[in-house]
Protein chains: 2
Amino acid sequence: MHTAKKLAPRWERRKEARPHEFIAAALDLFVERGFAATRLEDVAARAGVSKGTLYLYFDNKEALFKAVVQEGILPVIEEGETLLQQYQGPAAELLRIVVYRWWETVGVSQLAGVIKLMLSEAQNFPDVAQFHYDQVVLRGRRIFAFVVELGIRQGEFRALPVDHCVRLLLAPLLMLAIWRYSLGVCESEPIDADSYLRTYLDMALRGLAHGGAAGGPADQGSTT
Amino acid sequence: MHTAKKLAPRWERRKEARPHEFIAAALDLFVERGFAATRLEDVAARAGVSKGTLYLYFDNKEALFKAVVQEGILPVIEEGETLLQQYQGPAAELLRIVVYRWWETVGVSQLAGVIKLMLSEAQNFPDVAQFHYDQVVLRGRRIFAFVVELGIRQGEFRALPVDHCVRLLLAPLLMLAIWRYSLGVCESEPIDADSYLRTYLDMALRGLAHGGAAGGPADQGSTT
DNA sequence: CATATTACTGAACCGCTGGTTATTAAGAAA
DNA sequence: TTTCTTAATAACCAGCGGTTCAGTAATATG
C-alpha cells in the first residue's frame, strides 16, 4: 500500500467525483420534473453511469434529495453570513447588497429551483425539512434580521417588529425565485428581475424608513 | 317536505353529492400529502366509498386534481371582483379590506393548501397550470392592480410600476398561506397572522405612499 | 501469471397504485 | 312479482420505478 495516488484510469472509475456528479444530475432533474417524477435511472444516466452505481453512494432516493439540498444552498448562507461581518455603513445600503448578491447567486441559478423543491416536498420529508429549516431558513432570516436591527439601531428604520419585517422582506425574493419553476411557465415573457428588484427595494426601504405616515386611520393597531 | 323526490335512500346512493364529496376528500389528502403521494384509494375511502366509484365521476387522477383547484379557488376570485365594483373611498382602505377578506377566506382555510399545491405541481400539469394561471393568477392580479391604480389615480400612491407593485403586494400574502403547508411544519408556534398582516399593511402603504424619500442614493432607476 | 480487491453493471425483483371490468344490489317501473 | 336501470363494488391487471444482488471488468497485489 504505497500507491498514494492512482494512475489516471484509462476508463471511468472515479470514486471521488461520483457523489458530486450524482448530485449535479439529480439537481437538474429534480428541479425540472420534481422529486416524485424523477426516475433514479435518469439521474444515473445523466451522471453517465448505471442505476445500481447510485446505490453505492447513496442509501436511497431521499438521501440523494437531502444531499442536493445541503450541497446546493449551505454555501450561499455561509457567504451571506461572512458578508455581514465585514460591513460598515448604512443599513439601507447593506440591504441592497444582500438582495442583489442573493439574486446573483440564488435567483438566477438553479438554486432557486431547489428552494421551490424544498418548499414543495417539506411535508413528505420531515427530517430533510427540519435540517433545511435549521440550517437555511433560520440562518437566512438571521441575516435579514441583522440588517433590520442595524437599521433600527442606527436610526434609519422605524422600530417595527423585526421578525415580521424579515418575513416581509424575504417573501418577494422567494416568490421571485419560485415563480420561475412554477406558474411562471405559463407566462410568455419572464419578469424583468432587475426592475422588479429596484421597485422592491424602493418600496421596502420606504416602508422601513421614518417619514410621513401611511394613509388612513390605521397604523399600529391596538388589539392583542 | 316529504315526497316530490327520492325518498331518503336507506343506504348510500347519492349521485348528486358524490363529486363534492370526492373533491373535499381529495382536497384534504392532496394538501396533506401532495399530489403524487396521495392514493386514489384513500381518497375514495375518505369519501366513504370504493375506488371504482371515483371513476364514475372523474376520468382520472388529473381530472380530480383539476376539479379541486377549480372548485376551491374560483369562488374567492369572483367574490373579490364583485367587492371592487361597489367600493368607493380611499385606496388604502380598499387594500385593507381586500387583504383581510383574503386572509379570512383563503389564508385560514385549506384553500391556502391548494395554492401551495398548485405552485408545487404546476410543472407536472401544464394544462391545469394554464387554467389556473388564466382564471386565478391573472384575475387575482387584476384585483390588486385595480387597487394600486385607484390609489395612483386618487393621488394617494406614487406612480410606481403597477405590475411590480402587485407582485410585491401579493408575495407576502402567498408566502404566509404557503408556509403553513410547507416548512412551517418545522416551527413550533405558528405565526401570529393578525399582527403580521398589520405590519404588512403598515409597510406596504408607506412604501406606496408619497412622503420622505427612502434612504440612500437610489430610488427610481432610470430605465423604463 | 495467479489472486484479491474495487468500481461498476444491468437484469430481475417486487410492492405499489392508477385504471378497468364483471358482478351485485338498490330502487323504479310494469 | 318480475324486469330494467344504475350506483357501487371488489377483484383484477399492467406498468412503473425503487431497490437489490450476482456477476464483470479493470486494477492492484504477490
Side-chain angles (χ1 to χ4, degrees), chain A residues 1-23 25-26 28-30 32-68 121 124-125 127-128, chain B residues 2-26 28-30 32-68 121 124-125 127-128:
Chain A
M1 49 179 67
H2 56 300
T3 54
K5 61 181 170 198
K6 334 183 145 182
L7 301 179
R10 198 177 44 189
W11 199 52
E12 323 287 353
R13 298 188 94 193
R14 291 168 293 136
K15 185 174 183 175
E16 341 276 292
R18 287 286 179 238
H20 294 285
E21 292 173 354
F22 279 124
I23 289 175
D28 286 354
L29 292 176
F30 283 165
E32 184 181 324
R33 308 182 190 173
F35 179 81
T38 298
R39 283 183 307 235
L40 253 22
E41 189 160 7
D42 292 348
V43 174
R46 178 168 297 213
V49 115
S50 148
K51 192 166 54 156
T53 306
L54 200 153
Y55 282 86
L56 299 178
Y57 298 94
F58 299 93
D59 285 344
N60 49 36
K61 200 180 184 186
E62 178 172 347
L64 179 61
F65 177 64
K66 189 170 184 173
V68 167
E121 303 288 353
N124 295 108
F125 304 99
D127 54 332
V128 184
Chain B
H2 43 302
T3 55
K5 32 170 122 180
K6 327 177 149 188
L7 303 178
R10 198 177 46 191
W11 202 53
E12 321 290 353
R13 297 191 91 191
R14 293 167 294 138
K15 185 173 182 179
E16 343 276 291
R18 288 285 180 240
H20 294 283
E21 293 172 353
F22 279 124
I23 289 175
D28 285 354
L29 292 175
F30 284 164
E32 185 181 323
R33 309 182 191 171
F35 179 81
T38 298
R39 284 182 308 237
L40 253 21
E41 189 159 7
D42 292 349
V43 173
R46 179 167 297 213
V49 119
S50 145
K51 186 173 60 159
T53 307
L54 198 152
Y55 282 87
L56 299 178
Y57 299 94
F58 299 92
D59 287 344
N60 49 35
K61 199 180 184 184
E62 179 171 347
L64 179 62
F65 178 64
K66 190 170 184 174
V68 167
E121 304 288 353
N124 296 107
F125 302 99
D127 54 333
V128 184

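Labels below follow one simple rule: chain letters A, B, ... track the order of the sequence lines, proteins then strands, and each chain is numbered from 1.
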Between P on dA7(D) and CZ on Phe22(B), what's the gap in Å once rounded to a whole number?
12 Å
Using a 4.5 Å cut-off on heavy atoms from C-beta on, say whether the side chain of Phe22(A) contacts that of Thr53(A).
yes
Is there a side-chain contact between Thr53(B) and the phosphate of dT9(D), meaning an N or O under 4.0 Å from OP1 or OP2?
yes
Over how many whole Å does the gap from Leu29(A) atom CG to dG17(D) atom P extend?
13 Å
When the distance from CG of Leu64(A) to P of dG18(D) is rounded to whole Å, what number comes out?
11 Å
List the atom of Ala44(B), the atom of Leu54(B), and the distance in Å for their closest heavy-atom pair.
N-CD1, 4.5 Å
Heavy-atom closest pair (Ala47(B) atom, Ala25(B) atom, distance to 0.1 Å) is N-CB, 4.0 Å
Nearest 0.5 angstrom please: Tyr57(B) OH to His20(B) NE2, how far?
11.5 Å
Quick one: Phe125(A) CZ to dG18(D) P, roughly how many Å, whole number?
11 Å
Interatomic distance where CG belongs to Leu54(A) and P belongs to dT20(D) [whole Å]
12 Å
Per-residue pairing states of DNA chain D in dot-bracket (Watson-Crick or G-U under 3.5 Å; . unpaired, | other strand) read ||||||||||||||||||||||||||||||
Identify all side-chain donor-acceptor contacts of residues 35-43 of chain A below 3.5 Å with residues at least two apart in sequence or on another chain.
from	atom 1	to	atom 2	distance (Å)
Thr38(A)	OG1	Leu29(A)	O	3.2
Thr38(A)	OG1	Gly34(A)	O	2.6
Arg39(A)	NE	Asp42(A)	OD2	3.2
Arg39(A)	NH2	Asp42(A)	OD2	2.9
Asp42(A)	OD2	Arg33(A)	NH1	2.8

With a 4.5 Å heavy-atom cut-off, do Asp127(A) and Glu62(A) have their side chains touching?
yes
Please report the interatomic distance CZ(Phe65(B)) to CZ(Phe58(B)), rounded to the nearest 0.5 Å.
13.5 Å
Give the B/S/- string for nucleotides 16-23 of chain C, one per nucleotide from 5' to 3', where a protein heavy atom under 4.0 Å of the base yields B, of only the sugar-phosphate yields S, and otherwise -.
-SBBB---
Tyr57(A) near the nucleic acid: base, sugar-phosphate alone, or nothing, with a heavy-atom cut-off under 4.0 Å?
sugar-phosphate
